[in-house]
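As the structure is a computational prediction, the values presented were derived from the model and not from experiment. Numbered from 1 within each chain, the chains take letters A, B, ... in sequence-line order. FYI, side chains are in, hydrogens and waters are out, and symmetry mates aren't considered; it's all heavy atoms of this structure.
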Amino acid sequence: QKEVEQNSGPLSVPEGAIASLNCTYSDRGSQSFFWYRQYSGKSPELIMSIYSNGDKEDGRFTAQLNKASQYVSLLIRDSQPSDSATYLCAVYSGAGSYQLTFGKGTKLSVIP
Amino acid sequence: NAGVTQTPKFQVLKTGQSMTLQCAQDMNHNSMYWYRQDPGMGLRLIYYSASEGTTDKGEVPNGYNVSRLNKREFSLRLESAAPSQTSVYFCASSEIYNEQFFGPGTRLTVL
């Protein structure tokens, strides 16, 4: 059973702070990693993808991948109240698997 | 460019009734997926279609059937709805092994 684990939260950070969201996965052969943001009552929206070890930055968002330790993280700098949402980590396993496995999500609350 | 569209947005059924959820994408993606999302359970894959003409079961296929009508359209059918199928249903599409893009969802209640 391929698993993706996230701390369910809620994670509360003050406005302007850095929010750090973490995710671990069980399948060592996993190849592709994604972060989605989901506002209450809305559908998941892709915000970051990462495929190789290291950091990937896009605006205020940085994704970090460490395949040896089997974790992927998302940093949100200068957090805004509009970042308050549930963040879903998703992982494609090895070649031949078409299934994207999602974690249950971490709820982030940015306090003004 | 509408992305992924789903109909209907809301539906209430009685136990035993049938219905079909429709999904269409205009991104020319090969792969399409149906998920359900329940509180505390996260997103769970019901069925997927890796390419036109193929369909495969996901994690929770019981009580559902699918049809990949063409490259754009992928429908989900509930033959005899049960209260346990009350959920939010999302359709998604992607190129193989790439990012999945989600539709707005269908909120289904089975009484």
Discussion item. For B:Arg107 versus A:Lys42, what's the shortest heavy-atom pair and its separation?
Written reply: NH2-N, 3.9 Å
Item to complete: Could you tell me which portion of B:Asn98 (side chain, backbone, both or neither) has an atom closer than 4.5 angstrom to a non-hydrogen atom of chain A?
Response: both
Worksheet item: Just wondering, more than 12 heavy atoms not from A:Lys107 lying within 6.0 Å of its NZ?
Response: no
Item to complete: Report yes or no: do B:Tyr48 and A:Leu46 belong to one cluster of Ile/Leu/Val/Met/Phe/Trp/Tyr joined by side chain heavy-atom distances under 4.5 Å?
Response: yes
Response to the item:
CH2 (A:Trp35) and CD (B:Glu99) are apart, to the nearest 0.5 Å, by 15.5 Å
Practice prompt. Please state whether the side chain, the backbone, both or neither of A:Gln38 comes within less than 4.5 Å of a heavy atom of chain B.
Written response: side chain
Practice prompt. Report the distance from atom OG of B:Ser94 to atom OH of A:Tyr92, rounding to the nearest 0.5 Å.
Written response: 3.5 Å
Worksheet, complete the sentence: The complete set of disulfide (SG to SG under 2.5 Å) pairs with one or both residues in residues 18-92 of chain A, sequence neighbours excluded, reads A:Cys23-A:Cys89
Worksheet item: Checking side chain to side chain contact (heavy atoms under 4.5 Å, CB included) for the pair B:Gln100/A:Tyr36: CA distance, chi angles, key distance, verdict?
Response: CA-CA 10 Å; B:Gln100 292 185 14; A:Tyr36 287 82; 3.6 Å; yes
Fill in: Same apolar cluster: B:Tyr89 and B:Phe101, side chain cutoff 4.5 Å
no
Worksheet item: Backbone N or O of B:Gly103 within a donor-acceptor pair of the A:Ser43 side chain at under 3.5 Å?
Response: yes
Fill in: Interchain contact, B:Arg44 with chain A, by part (heavy-atom threshold 4.5 Å)
neither
Worksheet item: Would A:Tyr87 and A:Val110 show up in the same hydrophobic cluster when neighbours are defined by side-chain heavy atoms closer than 4.5 Å?
Response: yes
Fill in: ILVMFWY cluster, B:Phe74 and B:Phe102 together (side-chain gap under 4.5 Å)
no
Practice prompt. Identify the residues of residues 8-36 of chain B whose heavy atoms come closer than 4.5 Å to a heavy atom of chain A, ordered by number, or report 'none'.
Written response: B:Tyr33, B:Tyr35
Worksheet item: According to a 4.5 Å side-chain heavy-atom criterion applied to Ile, Leu, Val, Met, Phe, Trp and Tyr, with indirect links allowed, do B:Ile46 and A:Phe102 form part of one hydrophobic cluster?
Response: no
